[in-house]
Number of protein chains: 2
Amino acid sequence: MIELHEKTYVCPVDVTLSMIGGKWKILILSHLHQFGRRGFSEIRDNLPKVSEKMLMQQLNELRRNDLIDKKIVLLKPYRVEYFLTESGKSLKPLYSFMSTWGIDYLKQHNIDYLKDQQLYK
Amino acid sequence: MIELHEKTYVCPVDVTLSMIGGKWKILILSHLHQFGRRGFSEIRDNLPKVSEKMLMQQLNELRRNDLIDKKIVLLKPYRVEYFLTESGKSLKPLYSFMSTWGIDYLKQHNIDYLKDQQLYK
DNA sequence: TTTCAGGCTTACTTTTTGGTAAGTTATTGA
DNA sequence: TCAATAACTTACCAAAAAGTAAGCCTGAAA
């Protein structure tokens, strides 16, 4: 077993999973990977199945794990931008691979992804 | 949105996640990736945090998604082997990447993974 | 002949997760 | 002045996930 931050992990994969496991995390990361800096509501509107509460929660956890960060771009009115940190960027191969794999899977099930490719707002 | 099997997905990554999301799935897959064909109790003993019930559940879901399969190697006494299907093998880059990333993360936190590398039984 | 291992299944309970919906502060646009 | 938007926060509740523990069948080992 691997000991880290008072928890135990079975293997390195388990360590990685502890950062990006949990609903929505990978989706949020790969969204930021695709679209760069985004405000809260931009992310929300493009992940229409996530509630605001959930999204906030996941964003905060990702920040705690240093995979994303936010900058306050305007104080009044309060406006922010979320973006990938260096650590978050180091996971890019993962986002790319999972996207490609998903597209292949869709192809094999005769769904043409390109025709649907868009943002969801 | 992408429609598939009566569900909707936000993007291809979401499609991929629907197959391998959920606790333990990636861990099980990457275990089979590393060690090849394994009996039920071999997997169980090497993922000591998973209960038998959970493990069975996840194995069945992975089989339904055609990422793993099992062969009955002996009827009496009943012995089986679980292993990656072609589809499961096509995710190998993911297992490798997540393992490497985890090892790097540990290195950055001054934990030498090699000294712990072993099976957990 | 009792015990143990392998490969499960089931019932029951607890914990965790997640949804709904409302509220907050501030600003811009109608 | 009223409504809407951005970025959150909070409370409350339902549903889903997961843990515990026991049990089943078969055969081999002690």
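Below, chains carry the letters A, B, ... as their sequence lines are ordered, and counting in each starts from 1.
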* Output, in order, the C-alpha distance, side-chain angles, deciding distance and verdict of side chain to side chain contact (heavy atoms under 4.5 Å, CB included) for Leu59(A) and Ile43(A). => CA-CA 10 Å; Leu59(A) 287 170; Ile43(A) 305 174; 4.3 Å; yes
* Check every strand shown and say whether Gly22(A) touches a base, only sugar-phosphate, or nothing at a heavy-atom separation below 4.0 Å. => nothing
* Write out all pairs satisfying side-chain hydrogen bond (donor to acceptor under 3.5 Å, both in side chains) with one or both partners inside residues 85-96 of chain A, taking only residues at least two apart or from two chains. => Ser90(A)-Trp101(B)
Are there any protein N/O atoms within less than 3.5 Å of an N/O atom in nucleotides 2-4 of chain D, and if so, which ones and at what distance?
none

* Asked: Counting distance only, does the side-chain N/O of Gln34(A) pair as donor-acceptor with the main-chain N or O of His31(A) below 3.5 Å?
  -> no
* To the nearest Å, how far apart are Asp45(B) CG and dG7(C) C1'? -> 12 Å
* Asked: Heavy-atom contacts under 4.0 Å between residues 68-79 of chain B and DNA chain D, which residues?
  -> Lys76(B), Pro77(B)
* Arg44(A) side chain near dA6(D) phosphate (N/O to OP1/OP2, under 4.0 Å) -> yes
* To do: Check whether any side-chain N or O of Thr16(B) sits under 3.5 Å from a backbone N or O of Met98(A) as a donor-acceptor pair, and report yes or no.
  => yes
* To do: Evaluate side chain to side chain contact (heavy atoms under 4.5 Å, CB included) for Cys11(B) paired with Leu27(A), printing each intermediate quantity in order.
  => CA-CA 9 Å; Cys11(B) 64; Leu27(A) 238 37; 4.0 Å; yes
* Asked: Who are the ring pair (Phe, Tyr, Trp, His ring centres under 6.0 Å) partners of His109(B), not counting sequence neighbours?
  -> His5(A), Tyr105(B)
* Structure fact -> Rounded to whole Å, CZ of Phe40(A) lies from C1' of dT25(C) at a distance of 15 Å
* To do: Using a strict 4.0 Å threshold on nitrogen-to-oxygen distance, state whether Glu52(A) and Arg44(A) make a salt bridge.
  => yes
* **Lys49(A): partners by salt bridge (Lys or Arg N to Asp or Glu O under 4.0 Å), with sequence neighbours left out** => Asp14(B)
* Asked: dT5(D) phosphate, OP1 or OP2: any side-chain N/O from Ser41(A) under 4.0 angstrom?
  -> no
* For Glu81(A) and dA6(D), what is the distance between atoms CD and P respectively, to the nearest whole Å? -> 14 Å
* **Electrostatic pair Lys70(A):Glu81(A) at N-O distance under 4.0 angstrom** => no
* Residues from residues 49-62 of chain B lying under 4.0 Å of DNA chain D - heavy atoms -> Ser51(B), Lys53(B), Met54(B)
* Asked: Would a hydrophobic clustering, with Ile, Leu, Val, Met, Phe, Trp and Tyr connected at side-chain separations under 4.5 Å, put Ile72(B) with Ile68(B)?
  -> yes
* Would you kindly confirm whether Met54(B) and Met56(B) end up in one hydrophobic cluster when ILVMFWY residues are joined by side chain heavy atoms under 4.5 Å apart? => yes
